[in-house]
Number of protein chains: 2
Amino acid sequence: MPADKNNTEVTIYDIAEALDVSPSTVSRSLKNHSSISSDTQQKVKEQAKEMGYRSNIFAKNLRRKKTNTLGVIVPKLNSNFMSSVIAGMEKVANENGYNLIISQSLETAQKEASNVETMFESRVDGLIVSLAYDTEDYSHFDPIIENNIPLVFFDRVAYYKSAANIIIDNFKAGQQAVTHLLKQGCKRIVHMTSNLARNVYEDRFRGYKQALEDYDIPFDPKYLIQNDLSNQAGQQAAQQILSMDPLPDGLFVANDTCAIACMSTLQDHGIKIPEDIAVVGFNNDPISSFVNPKLTTINYHGNEMGKVVIRNLISHLNGDNNIAMTNTIILNAELIIRESSVKAS
Amino acid sequence: MPADKNNTEVTIYDIAEALDVSPSTVSRSLKNHSSISSDTQQKVKEQAKEMGYRSNIFAKNLRRKKTNTLGVIVPKLNSNFMSSVIAGMEKVANENGYNLIISQSLETAQKEASNVETMFESRVDGLIVSLAYDTEDYSHFDPIIENNIPLVFFDRVAYYKSAANIIIDNFKAGQQAVTHLLKQGCKRIVHMTSNLARNVYEDRFRGYKQALEDYDIPFDPKYLIQNDLSNQAGQQAAQQILSMDPLPDGLFVANDTCAIACMSTLQDHGIKIPEDIAVVGFNNDPISSFVNPKLTTINYHGNEMGKVVIRNLISHLNGDNNIAMTNTIILNAELIIRESSVKAS
DNA sequence: TTGAAAGCGCTAACAC
DNA sequence: GTGTTAGCGCTTTCAA
């Protein structure tokens with residue numbers, strides 16, 4: 001029975017009584033308050049340990065009106081990128097005495113909104129979000145903003161009220177990827193991407209167009225394929241590409257797994273990668289270096305991104321820097337050239 | 001400044017005052033207590049909404065000595081399986097008014113132990129764990145058990161004190177996988193797996209041996225390859241397999257991504273899959289149907305497993321069934337036959 | 001350097 | 001059907 005788990009609960013009063021001091025002295029000692037003699041502190045801590053004391057986080061939160069908890073909402077946890085981001089976040093958060101509540105929007109605005117509400121009810125001290133595929137209206141974040149809960153978007157961001165944004169330079173990454181393809185001699189480059197309302201996809205697309213422009217190649221809308229970047233979508237896109245005449249000679253996909261599904265389907269139809277079509281993905285998912293040919297891609301520092309997000313959020317909460325909350329931080333990303341895009345010269 | 005977020009906080013006392021009723025009436029109304037007239041309940045709820053009331057979860061937890069929070073510790077979040085498990089857990093938890101705190105052990109016993117401690121400090125009502133790669137000593141779970149916090153292991157489990165286990169029948173799955181290979185005519189089947197101290201790997205290995213025995217093929221230790229099932233390990237294992245003489249004709253890997261890395265490396269060296277070596281993986285990761293050839297694998301119902309875990313935990317917390325906490329629940333898994341294992345007959 | 005005391009917002013036993 | 005009241009365990013101001 002889970003019932004009797006409380007009757008052993010030790011409080012600061014029990015410690016105070018045992019040591020014949022006041023509860024305040026115990027409370028202060030336990031947090032190394034400078035006004036308590038180190039002798040007393042020592043005694044209190046020993047007694048606490050001996051009695052198996054554990055601080056009651058709820059009484060503390062109730063009193064302090066601060067939860068030391070940060071909420072994290074991501075579209076989906078199933079990628080290596082997200083798992084790295086979360087690991088980075090957890091590390092910095094724990095080092096600073098914060099805990100994380102993590103939830104998935106599963107790419108729908110509706111679940112995202114309900115998650116935001118849960119986080120709000122849980123009184124997180126700060127909220128961290130990477131937007132769902134189809135979020136267009138941001139009003140579910142209003143209560144967060146109105147209650148002065150700091151809001152940080154990362155990766156899939158929005159320029160929304162006082163929220164901070166932490167991203168990579170998707171424009172530059174897209175431009176680099178496509179410039180690389182152009183340098184390989186590609187002239188007809190397909191770009192496969194997702195909802196252009198999401199900054200990550202829009203910026204990569206702008207980078208694609210810029211690179212074309214740099215090489216005096218006009219943008220042809222038929223080379224823009226938009227879908228949800230799922231594996232299935234990658235297969236279908238392959239069919240679409242196969243039906244193009246002349247056949248494209250380059251392919252820049254906004255996501256590795258989709259690139260791989262597409263590449264594999266193209267190969268099934270006798271297309272040689274990179275000879276016939278050179279391919280560049282995005283994310284540097286581990287699988288990208290285990291496919292045949294190994295996939296050229298953009299490397300994203302997920303772990304670092306997670307750390308930066310939390311560092312900035314916490315320093316804002318500490319009042320150290322408020323500026324971050326009205327600003328955008330851009331992290332590095334780099335092109336990793338592998339076999340899938342290098343044409344013999 | 002995050003400071004003034006409190007001065008707008010509305011409490012049940014404010015509502016009580018505005019309506020000229022007692023705080024208890026407000027409290028009761030807000031939770032649909034049957035003793036309050038529906039008329040009063042209605043009024044209270046309206047007033048609460050109008051005043052922008054939100055319940056203080058800490059005062060509630062402090063009073064009720066229950067957090068309605070469940071802790072989840074998994075090795076790593078980066079797989080489709082884990083993300084499905086978590087999604088299933090979240091769904092059932094939320095439906096029942098519970099929240100989840102999720103953390104990753106990143107496959108180390110050390111971080112697992114520190115996560116358990118954090119969960120304990122956070123006073124989760126129940127703890128859910130899938131064990132790290134190298135956890136051998138379980139004493140970090142002792143405080144959980146001692147405080148009568150229900151503990152449920154899933155997937156990677158341990159027969160430990162009062163903990164419940166929720167798993168698939170890994171023995172049967174392994175047996176099925178290998179029997180399938182044997183039916184394809186394979187005689188020299190390599191099994192690649194991980195730490196046999198983890199039930200999932202041990203049971204699959206037993207299934208492998210059982211299948212061989214059923215076909216009167218003696219187990220040859222040289223066909224057992226143990227590593228961490230990473231992509232790199234898959235590549236290395238391929239080298240090891242290539243050096244075997246005679247070449248194996250079947251391969252059963254305890255994990256899809258590793259199977260794929262291995263398969264891809266074998267192909268690089270001119271091995272034909274499935275003609276030369278038939279391959280079966282494990283997990284039914286989405287990528288498995290997008291490689292060439294598509295990978296035969298064992299399908300795991302992650303979402304369902306997550307739901308079952310939470311359902312059992314909650315019904316235990318409700319006192320509905322205690323029996324689950326001393327028992328093992330086995331879910332179905334099934335072999336999905338694809339191209340990588342089917343030899344032309 | 002320490003103590004007394006009030007109160008964070010809520011729940012629930014007990015009273016009416 | 002509703003109200004009174006006493007805490008849950010902690011922090012912190014004020015006083016000594």
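Naming: A, B, ... by sequence-line order, numbering from 1 per chain.
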K.L.:
Round to a whole Å and report the spacing from CE of A/Met51 to C1' of D/dG9.
P.N.:
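Taking atom C1' of D/dG9 as the reference, CE of A/Met51 is at 14 Å.
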
K.L.:
Over all heavy atoms of both residues, which pair between B/Asn99 and A/Ser122 is shortest? Give the atoms and the distance, please.
P.N.:
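What the structure gives for the nearest pair is ND2-OG, 3.7 Å.
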
K.L.:
What pairs with A/Asp39 under salt bridge (Lys or Arg N to Asp or Glu O under 4.0 Å), at least two apart in sequence or on another chain?
P.N.:
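Once residues adjacent in sequence are excluded, the partners of A/Asp39 under the salt bridge (Lys or Arg N to Asp or Glu O under 4.0 Å) criterion are A/Lys43.
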
K.L.:
Which heavy atom in A/Gln104 sits nearest to a heavy atom in B/Ser83, and how many Å separate them?
P.N.:
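Looking at all heavy atoms of both residues, the closest pair is NE2-O, 3.1 Å.
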
K.L.:
Just the rounded figure in Å: distance from C1' of C/dT11 to CD1 of B/Ile57.
P.N.:
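My rounded result for the distance is 15 Å.
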
K.L.:
Answer with base, sugar-phosphate or nothing: what part of the nucleic acid does B/Thr25 contact at a heavy-atom distance below 4.0 Å?
P.N.:
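Here B/Thr25 touches the backbone only, sparing every base.
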
K.L.:
Measure NZ/A/Lys60 against P/D/dC8 and give the value in whole Å, please.
P.N.:
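Those two atoms, NZ and P, are 19 Å apart.
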
K.L.:
Report the distance from atom CZ of B/Arg63 to atom P of C/dA13, rounded to the nearest whole Å.
P.N.:
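My rounded result for the distance is 8 Å.
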
K.L.:
Which nucleotide, D/dG9, C/dC10, D/dG3, lies nearest any side-chain atom of B/Ser24?
P.N.:
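Side chain of B/Ser24 sits closest to D/dG3.
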
K.L.:
What residues, two or more places apart in sequence or in another chain, satisfy salt bridge (Lys or Arg N to Asp or Glu O under 4.0 Å) together with A/Asp134?
P.N.:
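Here no residue qualifies.
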
K.L.:
Do you know the tightest heavy-atom contact between B/Val157 and B/Asn165?
P.N.:
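Closest heavy-atom pair between B/Val157 and B/Asn165: CB-OD1, 3.3 Å.
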
K.L.:
Under a 4.0 Å threshold between the charged nitrogen and the carboxylate oxygen, would B/Lys65 count as salt-bridged to A/Glu9?
P.N.:
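So A/Glu9 does not pair with B/Lys65 through a salt bridge.
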
K.L.:
At 4.0 Å (heavy atoms only), tell me whether A/Phe58 reaches a base, stays on the sugar-phosphate, or touches nothing.
P.N.:
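Counting heavy atoms under 4.0 Å across all strands, no contact is made by A/Phe58.
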
K.L.:
What is the distance, rounded to the nearest whole Å, between atom NZ of A/Lys66 and atom C1' of C/dC8?
P.N.:
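Atom NZ in A/Lys66 sits about 16 Å away from atom C1' in C/dC8.
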
K.L.:
Could you state the CZ-C1' distance from A/Arg54 to D/dC10, rounded to the nearest angstrom?
P.N.:
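So the CZ-C1' distance, A/Arg54 to D/dC10, works out to 15 Å.
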
K.L.:
The side chain of A/Tyr53 lies closest to which of these nucleotides: D/dC14, D/dC10, D/dC8?
P.N.:
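Output: D/dC10.
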
K.L.:
Does B/Ser22 make a side-chain N or O approach to OP1 or OP2 of D/dG3 shorter than 4.0 Å?
P.N.:
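Answer yes for this pair, as a side-chain N or O of B/Ser22 is under 4.0 Å from OP1 or OP2.
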
K.L.:
Please round to the nearest 0.5 Å and tell me the distance separating atom OG of B/Ser105 and atom CZ of B/Arg156.
P.N.:
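B/Ser105 atom OG to B/Arg156 atom CZ measures 7.5 Å (nearest 0.5 Å).
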
K.L.:
Going by heavy atoms closer than 4.0 Å, what residues in residues 30-44 of chain A are next to DNA chain D?
P.N.:
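Listed by number, they are A/Lys31.
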
K.L.:
With the side chain of A/Lys65 defined as its heavy atoms from C-beta on, choose the nearest nucleotide among D/dT4, C/dG7, C/dG9.
P.N.:
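Of D/dT4, C/dG7, C/dG9, C/dG9 is nearest to the side chain of A/Lys65.
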
K.L.:
Nearest-Å distance, CG (A/Leu62) to C1' (C/dC10)?
P.N.:
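Between C1' of C/dC10 and CG of A/Leu62: 8 Å.
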
K.L.:
Determine whether a donor-acceptor pair (one donor, one acceptor, N or O, separation below 3.5 Å) exists between the side chain of A/Arg28 and the base of D/dT13.
P.N.:
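Present.
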
K.L.:
Grab the CG-C1' distance between A/Asp20 and C/dA4 for me, whole Å please.
P.N.:
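Going from CG in A/Asp20 over to C1' in C/dA4 covers 15 Å.
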
K.L.:
On a plain distance test, is the side chain of B/Tyr13 in donor-acceptor contact with the base of C/dC8 below 3.5 Å?
P.N.:
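By the distance-only test, no, there is no pair.
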
K.L.:
Return yes if the base of C/dA12 and the side-chain atoms of B/Ser27 contain a donor-acceptor N/O pair under 3.5 Å, otherwise no.
P.N.:
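When only heavy-atom distances are counted, B/Ser27 does not reach the base of C/dA12 through any donor-acceptor pair under 3.5 Å.
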
